[in-house]
Structure formats: structure tokens, C-alpha cells
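Here is the structure we will look at, set down as C-alpha cells.
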Amino acid sequence: QVQLVESGGGLVQAGESLRLSCAVSGIAFSWCNILWFRQAPGKEREFVAGISRNGLSTNYADSVKGRFTISRDNAKNTVYLQMNSLQPEDSAVYYCAADQTITTTLRTRTYDMDYWGKGTLVTVSV
């Protein structure tokens, strides 16, 4: 059974940091690109960050570049999203997703993902 389990969300004040984790099981983790998406109330789910299977390639949404860092530990089947300088507009449910398709570049569209976690809520107060 494939499982992606997000953790680390919570309530923080603007300017503070959080680190999200995505623990993956049931699939060949080291063969998957892993991505983070987020969805705020009333908005579409959007790409946040992605990391290639070998960890050498990353991609970020313009809105989080310079503030968020994605990383992975293939020995622990876990991907992390370090979020610094959080702002109220970062408030959303954050989802991790796995893309098993071997591609030359990271795919960032929701419909390209093969598996999803259930999400973790991040709330940033002013």
C-alpha cells in the first residue's frame, strides 16, 4: 500500500519558520520525483517545490524562491520542506506528491502526479 504522510504543519507568526516532512512507503522512493503542493481555501492546488529522484535537481515556485528549501533523504524515504520567512499568504494545506515517470525535467502539474498525501495545515498569522 502506497502511503505519503505529511507532518510538521502548525500555526506560526509571520517571519517564523517550519519544516515539513513527507514520509513515503510502498513505492520505490529513490525512483520517484517528489513534489510539494499547497492549497488555500477557495483556491486551486498549486506547485510549491520539487526534487528529483537523485536529489540533484530542484524547482521552486517563484513565490517561495529564496525562502523555501526542499531536500530528501533516500535512506529514510523522506522529503523535507524547510520554510523560512513565512508570510500569511503561505497559509494553506501542504501536500506532498510522488511522480514515478522518468523525465529529464521535473513535472509540476497536479495531474502528472501518481500518488498524494493527505496534507498538513500551515497557518501563518500576522
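Remember, it's a predicted structure, so these values are computed and weren't measured experimentally.
Side chain of Gln87 to backbone of Ser85: a donor-acceptor contact under 3.5 angstrom is found. A donor-acceptor contact shorter than 3.5 Å is absent between the side chain of Ser63 and the backbone of Ala61. Side chain of Thr123 to main chain of Leu11: no donor-acceptor pair is present (N/O by atom type, distance under 3.5 Å, no hydrogens or angles). Between the Arg107 side chain and the Asp112 main chain, a donor and an acceptor come within less than 3.5 Å of each other. Within the 3.5 Å criterion, the main-chain N or O of Arg53 finds a donor-acceptor partner in the side chain of Asn33.
Note: Asn59 CG to Ile70 CD1 = 9.5 Å, rounded to the nearest 0.5 Å. To the nearest 0.5 Å, the span separating OG1 on Thr120 from CH2 on Trp36 amounts to 7.5 Å. With rounding to the nearest 0.5 angstrom, the OG1 atom of Thr101 is 5.0 Å from the CG atom of Asp114. Within the model, atoms OG1 of Thr110 and CZ of Arg45 stand 7.5 Å from one another, a figure rounded to the nearest 0.5 Å.
Around the CD atom of Glu89, the shell of radius 6.0 Å holds more than 12 heavy atoms that belong to other residues, nucleotides or ligands.
Within the 4.5 Å cutoff, the side chain of Arg72 has heavy atoms near those of the Phe29 side chain. Side-chain atoms of Arg67 and Asp90, non-hydrogen and from C-beta on, do get closer than 4.5 Å to each other. Leu18 places a side-chain heavy atom less than 4.5 Å from the side chain of Met83. In this structure, Gln3 and Tyr115 have side chains that are not in contact, with every pair of non-hydrogen atoms separated by 4.5 Å or more. For the pair Thr69/Leu81, no side-chain contact is recorded, criterion being any heavy-atom separation below 4.5 Å from C-beta on. Using a 4.5 Å cut-off on side-chain heavy atoms (C-beta onward), Val122 and Leu20 make contact. At a threshold of 4.5 Å between non-hydrogen side-chain atoms, the residues Val79 and Val24 do not count as touching.
What you find for Cys32 and Ile27 is that their closest heavy atoms are SG-CD1, 3.7 Å. Between Ile34 and Ala98, the shortest heavy-atom distance links the atoms CD1-CB, 3.8 Å. Contact detail for Ser21 and Thr78: the closest heavy-atom pair is CB-CG2, 4.2 Å. Closest heavy-atom contact between Ala40 and Ala92: N-CB, 3.8 Å. Contact detail for Ser30 and Asn74: the closest heavy-atom pair is CB-ND2, 3.8 Å.
Residues meeting the disulfide (SG to SG under 2.5 Å) test with Cys22, sequence neighbours left out: Cys96.
Relative orientation of the Phe37 and Trp116 rings is tilted, given thresholds of 30° and 60° on the angle between their planes.
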*I would like to know whether Ser17 and Asn84 meet side-chain hydrogen bond (donor to acceptor under 3.5 Å, both in side chains); could you show each step before the answer?*
CA-CA 4 Å; Ser17 299; Asn84 298 330; 2.9 Å; yes

*asked:* With side chain to side chain contact (heavy atoms under 4.5 Å, CB included) as the criterion, how do Phe68 and Val48 come out once you've worked through the C-alpha distance, each side chain's angles and the decisive distance to 0.1 Å?
replied: CA-CA 9 Å; Phe68 291 11; Val48 175; 3.7 Å; yes

*Go through the steps to decide whether Leu86 and Glu16 satisfy the test side chain to side chain contact (heavy atoms under 4.5 Å, CB included), and finish with yes or no.*
CA-CA 6 Å; Leu86 283 161; Glu16 294 184 338; 5.6 Å; no

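Hydrophobic clustering keeps Leu4 apart from Tyr95 (ILVMFWY residues linked when any side-chain heavy atoms are closer than 4.5 Å, directly or through intermediates). Transitive grouping of hydrophobic side chains (ILVMFWY, heavy atoms separated by less than 4.5 Å) keeps Leu106 and Val64 in distinct clusters.
Checked options Glu6, Arg38, Gln39; the residue passing with Tyr94 is Arg38 (criterion: side-chain hydrogen bond (donor to acceptor under 3.5 Å, both in side chains)).
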